Amino acid sequence: MSQVQQPSVPEELVLKDVHIKNFVGGQYSEPSKGEYLPMINPATGETFGKLPDSTMEDINQAYEVADAAFPSWSSLSPQARSTHLLNLANKIESRLHLFAFAESLDCGKPLNLSLNLEIPRAIYNFRFFASAILHSEDVSTHMEGAFN
């Protein structure tokens with residue numbers, strides 16, 4: 001991968017007063033108990049937002065929605081699923097700097113690492129699996145202690 005130049009932080013990418021919600025069934029929702037955890041920049045100790053303190057009720061709801069969606073997703077052709085994964089990779093890539101800034105702020109890691117490794121790796125993974133779904137085999141390779 002080629003190195004992406006580390007930019008200065010444009011004002012529109014500065015994350016402040018972030019309010020993350022749960023995303024279930026294509027909709028954003030508050031956590032069932034309405035409780036949140038602070039999002040703290042580990043480099044400065046500054047709180048820059050909040051995220052849901054989700055409960056087992058929230059998790060079970062997300063599981064049930066995902067389980068209900070599985071038949072529809074799995075009935076799509078490999079080409080259609082591949083296209084969805086490629087579109088997701090492209091959308092992440094189009095907002096690479098935003099994701100990198102958010103990752104660095106959230107985890108306290110250097111922006112250069114997020115910009116040139118972490119987020120590009122996520123993009124690569126989506127593209128890898130988008131391709132892999134088109135090339136399935138029903139054999140495995142065995143080796144001592146593992147199989148592939």
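When a residue number appears, it is its place in the shown sequence, counting from 1. Just so it is clear, the structure is predicted and the values come from calculations on it, not from any experiment.
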Query raised in the report: Is there side-chain contact between Tyr124 and Arg127, with at least one heavy-atom pair below 4.5 Å?
Result: no
Query raised in the report: So, Ser131 side chain and Phe128 main chain: donor-acceptor pair closer than 3.5 Å or not?
Result: no
Report task. Look at the side chain of Asp106 and the backbone N and O of Ala102, then say whether any donor-acceptor pair between them is shorter than 3.5 Å. Result -> no
Query - Flag, side chain of Asn60 to backbone of Met56, donor-acceptor distance under 3.5 Å - result: yes
Query raised in the report: Got a sec: does the CZ of Phe23 have more than 12 other heavy atoms crowding it under 6.0 Å?
Result: yes
Hey, can you pull the donor-acceptor pairs under 3.5 Å for the side chains in residues 40-53, sequence neighbours left out?
residue: Asn41; atom: OD1; partner: Ala43; partner atom: N; Å: 2.8
residue: Thr44; atom: OG1; partner: Glu46; partner atom: N; Å: 3.1

Query raised in the report: Is the backbone of Ser72 close enough, under 3.5 Å, to the side chain of Ser75 for a donor and an acceptor to pair up by distance?
Result: yes
Query raised in the report: For the hydrophobic clusters of this structure (ILVMFWY residues joined by side-chain heavy atoms under 4.5 Å, transitively), does one cluster hold both Leu105 and Val18?
Result: yes
Requested in this report: Output yes when a side-chain donor or acceptor of Thr83 lies under 3.5 Å from a complementary backbone atom of Gln79, and no otherwise.
Outcome: yes
**Report entry** Distance, nearest 0.5 Å, that separates CG of Leu134 from CZ of Arg81
**Finding:** 9.5 Å
Query - Inter-residue atom distance Gln61.CD - Glu64.CD, 0.5 Å rounding - result: 7.5 Å
Requested in this report: Could you grab the distance from atom OG of Ser104 to atom CG of Leu113, nearest 0.5 Å is fine?
Outcome: 7.5 Å
Query - CG-CZ distance between Leu88 and Phe126, expressed to the nearest 0.5 angstrom - result: 4.5 Å
Query raised in the report: Between the side chains of Asn22 and Ser29, does any donor sit under 3.5 Å from an acceptor?
Result: no
Requested in this report: Identify the heavy atoms of Glu93 and Ile123 that sit nearest to each other, and give their distance.
Outcome: CA-CD1, 3.5 Å
Query raised in the report: Of all heavy-atom pairs between Ala62 and Val24, which one has the smallest distance, and what is that distance?
Result: CA-CG1, 3.8 Å
Query - Partner set under ring pair (Phe, Tyr, Trp, His ring centres under 6.0 Å) for Phe70, not counting sequence neighbours - result: none
Requested in this report: Please round to the nearest 0.5 Å and tell me the distance separating atom OG of Ser54 and atom NZ of Lys33.
Outcome: 12.0 Å
Requested in this report: Hey, could you give me the CG/CD distance between Leu98 and Glu103, rounded to the nearest 0.5 Å?
Outcome: 11.5 Å
Requested in this report: State plainly whether one hydrophobic cluster holds both Met39 and Leu37, where clusters connect Ile, Leu, Val, Met, Phe, Trp and Tyr through side-chain heavy atoms under 4.5 angstrom apart.
Outcome: yes
Query raised in the report: Looking only at heavy atoms, which two atoms of Leu96 and Pro120 are closest? And how far apart?
Result: CD1-CD, 4.1 Å
